[in-house]
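One structure below.
Only a predicted model underlies this, so the values are computations on that prediction, with no experimental measurement involved.
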Amino acid sequence: MPLLFLMGSLQDRELPKELTGFSVCVMDKEINMMLANLYKKAGQERPSVTSYKEVLRQCPLALDAILGLLSLSVKGAEVASMTMNVIQTVPNLDWLSVWIKAYAFVHTGDNSRAINTICSLEKKSLLRDNVDLLGSLADLYFRAGDNKNSVLKFEQAQMLDPYLIKGMDVYGYLLAREGRLEDVENLGCRLFNISDQHAEPWVVSGCHSFYSKRYSRALYLGAKAIQLNSNSVQALLLKGAALRNMGRVQEAIIHFREAIRLAPCRLDCYEGLIECYLASNSIREAMVMANNVYKTLGANAQTLTLLATVCLEDPVTQEKAKTLLDKALTQRPDYIKAVVKKAELLSREQKYEDGIALLRNALANQSDCVLHRILGDFLVAVNEYQEAMDQYSIALSLDPNDQKSLEGMQKMEKEESPTDATQEEDVDDMEGSGEEGDLEGSDSEAAQWADQEQWFGMQ
């Protein structure tokens with residue numbers, strides 16, 4: 001009870017100093033674990049590492065302590081050596097060394113090797129359908145830009161544990177990006193019923209507001225989530241995005257920088273910051289940041305596309321952007337962001353046939369609202385109006401709130417209207433005596449189309 005009182009009455013940065021004497025007297029692993037977490041939160045890495053190691057010395061199977069050490073850049077081999085004795089003496093623990101290896105890859109940002117290693121773990125009978133592993137796998141797919149597999153793994157974890165909260169903020173964000181706002185709303189309600197003292201329910205509701213273009217509400221919900229958990233990366237990203245869309249770019253930059261500090265291996269944190277730089281026409285700062293990300297996280301499809309995105313903003317670096325995008329698509333032909341940026345470049349060059357071929361190839365094994373909409377735009381450019389209308393319809397079926405697809409469809413309907421009216425006049429002239437009745441029918445039909453257009457515009 002005195003310890004709980006002490007924790008409630010002191011600030012985080014004061015806690016390690018106050019608890020040290022207590023810890024020395026008691027030498028309890030729980031106190032050391034608490035110390036390690038508090039030192040880490042206060043940014044004091046060396047004493048945090050020491051405390052985590054003390055926990056492992058007392059309890060070699062403390063997985064949270066292992067994760068803590070790996071998150072502080074302690075080598076996976078060193079951490080594994082601290083658990084070697086217990087792995088050799090306790091039966092059925094052969095998975096632990098592989099588990100440590102997997103999370104070492106996670107914390108160094110090697111998403112591909114982390115995914116492969118965790119998938120190999122998931123096949124072992126002892127860890128099959130393990131919710132923690134599935135959540136980690138979902139998060140890794142998300143970081144690697146494979147949103148489809150990420151959603152599938154989150155859904156699988158959620159089915160196994162209906163009370164799961166961890167990672168649901170990322171899951172809600174992915175659903176919102178896909179335009180599944182009803183599912184996002186249901187997810188938020190379910191999480192609030194479980195607990196409103198976690199950041200995740202507030203972030204999920206914030207994502208629903210953000211993608212409904214209610215940025216002020218998204219800002220409030222993001223701020224509430226940060227109050228509950230100041231280390232919530234997804235809450236910082238939500239609040240930063242809302243501030244950026246409200247024109248408060250400098251405030252948004254602060255939040256994206258904090259997200260980068262907390263999650264230096266997450267590309268979406270850098271993407272948010274670079275978008276802020278581009279929104280404020282700070283192309284030089286954006287280029288410096290994109291180059292740093294490219295060097296730090298390596299030359300993969302995501303970093304190549306991010307760098308190309310910045311290069312597209314400067315007419316001088318258009319060719320470099322093209323080269324970078326070609327490299328990205330060689331690595332991952334299905335990477336949607338790279339396909340979108342390459343299509344944007346082809347549109348500028350008016351190479352519509354090449355763009356259509358690129359988009360058809362990308363849509364061969366996946367369906368995405370943005371890709372269908374862009375394909376519709378390209379088909380309009382080559383006068384393939386009927387198929388363009390089909391593509392806009394598919395895009396709207398995937399995301400009924402996609403305004404650009406709706407605008408493309410309405411524009412085509414308006415352009416077709418004068419032609420239809422001319423054809424009706426020609427028919428009327430030929431029929432002669434039936435003119436009045438036909439005109440009345442035409443007015444009625446036109447009114448029905450107008451009503452439908454007005455209805456579409458309200459969606």
Using side-chain hydrogen bond (donor to acceptor under 3.5 Å, both in side chains) as the criterion, list what pairs up with Ser282, not counting sequence neighbours. Ser280
Regarding Asp377 and Tyr392, do their side chains bring together a donor and an acceptor under 3.5 Å, going by distance alone? yes
Please tell me if the side chains of Gln197 and Leu228 come closer than 4.5 Å, counting only heavy atoms from C-beta onward. yes
Under 4.5 Å between any side-chain heavy atoms of Leu325 and Leu304, yes or no? no
Is any side-chain heavy atom of Val151 closer than 4.5 Å to a side-chain heavy atom of Glu178? yes
Do Arg143 and Asp139 meet the salt-bridge criterion of a basic N to acidic O distance under 4.0 Å? yes
Check whether any side-chain heavy atom of Leu273 lies under 4.5 Å from a side-chain heavy atom of Glu275, and answer yes or no. no
Please verify the inter-ring angle class for Trp99 with Tyr103; under 30° counts as parallel, over 60° as perpendicular, anything in between as tilted. tilted
Quick one: list whatever passes side-chain hydrogen bond (donor to acceptor under 3.5 Å, both in side chains) with Ser81, sequence neighbours left out. none
Would you say that Glu258 contacts Leu262 through its side chain, given a criterion of any heavy-atom pair below 4.5 Å between the two side chains? yes
Hits for side-chain hydrogen bond (donor to acceptor under 3.5 Å, both in side chains) against Glu384, two or more places apart or cross-chain, chain-then-number order -> none
Listing request: all side chain to side chain donor-acceptor pair (under 3.5 Å) pairs with a residue in residues 333-345, at least two apart in sequence or in separate chains. Glu271-Lys337, Asp326-Lys342, Lys341-Glu344, Glu344-Arg348
Going by heavy atoms in the side chains, are His255 and Ile226 under 4.5 Å from each other? yes
If we count only N and O atoms by modelled type, under 3.5 Å, do the side chains of Arg190 and Gln158 hold a donor and an acceptor together? yes
Apply ring-ring contact (aromatic ring centres under 6.0 Å, His included) to Phe154 and list each qualifying residue two or more places apart in sequence or on a separate chain. Tyr171
Partners passing side-chain hydrogen bond (donor to acceptor under 3.5 Å, both in side chains) against Asn383 (at least two apart in sequence or in another chain): Tyr385
Hey, are His198 and Ser195 close enough side-chain-wise for a donor-acceptor pair under 3.5 Å? yes
NZ (Lys40) with more than 12 external heavy atoms under 6.0 Å: yes
